[in-house]
Each structure stands twice: as C-alpha cells, then as structure tokens.
Amino acid sequence: MLVLSIVLAVAGILMLMNPALIWSITESWKSNDATGPSVFYIGSIRFGGVLCTLAGICGIVALLL
C-alpha cells in the first residue's frame, strides 16, 4: 500500500508540473493536427494532479500513523 501511495503522489506531481507530457503520451495520437493540449485539458489534468497528490500523501500519512 505504501508503494501505491508513493506512485500516486509521484504521478500527481508529474501531472501538476508537466501536463503537456501527459497529453503527448495519452492524447496526441488521437488528434489529426496534434498541435497541443487545450487550456481546459491542462486545467483538468492539473486538477487531477492535485487530487492524486493529496490522495498519495494521505495514504502515506495513514500508513505511518
């Protein structure tokens, strides 16, 4: 469970720091012109990154208590 919490926190930080990388891995192949992610996509990925980071940190804290 600790490993899952750490992976979740790291994935969340990656989503916060570099949402364009997440787009290029998951969504760029679906686009005909592949110009880049939209503003809404970047915002939603960052919001998801905040939630993943918080869930990972809460999991780590819960295991340590």
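These numbers come from the heavy atoms of this one structure, side chains and all, not from hydrogens, waters or symmetry mates.
Side-chain contacts under 4.5 Å among hydrophobic residues (ILVMFWY), followed directly or transitively, place Leu2 together with Met1, Leu4, Ile6, Val10, Ile60, Leu63, Leu64. Its side chain within the 4.5 Å cluster rule, Val7 clusters with Val3 among the Ile, Leu, Val, Met, Phe, Trp and Tyr residues. Through direct or relayed side-chain contacts under 4.5 Å between Ile, Leu, Val, Met, Phe, Trp and Tyr, Phe40 connects to no other residue.
Nearest heavy atoms, Ala20 versus Pro37: CA-CG, 4.4 Å. Shortest non-hydrogen contact noted between Thr26 and Tyr41 is OG1-OH, 3.4 Å.
Taken from CG in Leu21 to CG in Leu14, the straight-line distance is 5.5 Å, to the nearest 0.5 Å.
Transitive grouping of hydrophobic side chains (ILVMFWY, heavy atoms separated by less than 4.5 Å) brings Ile25 and Trp23 into a common cluster.
Sorted by first and then second residue, the pairs that involve residues 2-29 and meet salt bridge (Lys or Arg N to Asp or Glu O under 4.0 Å), not counting sequence neighbours, are Glu27-Lys30. Evaluation of the salt bridge (Lys or Arg N to Asp or Glu O under 4.0 Å) test over residues 53-65, restricted to residues two or more places apart or in two chains, returns none.
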Using atom types as modelled, flag every donor-acceptor pair under 3.5 Å from a side chain in residues 45-57 to any protein atom, sequence neighbours excluded.
unit_1: Arg46; atom_1: NE; unit_2: Leu16; atom_2: O; d: 3.3
unit_1: Thr53; atom_1: OG1; unit_2: Ile13; atom_2: N; d: 3.3
unit_1: Thr53; atom_1: OG1; unit_2: Gly49; atom_2: O; d: 2.7

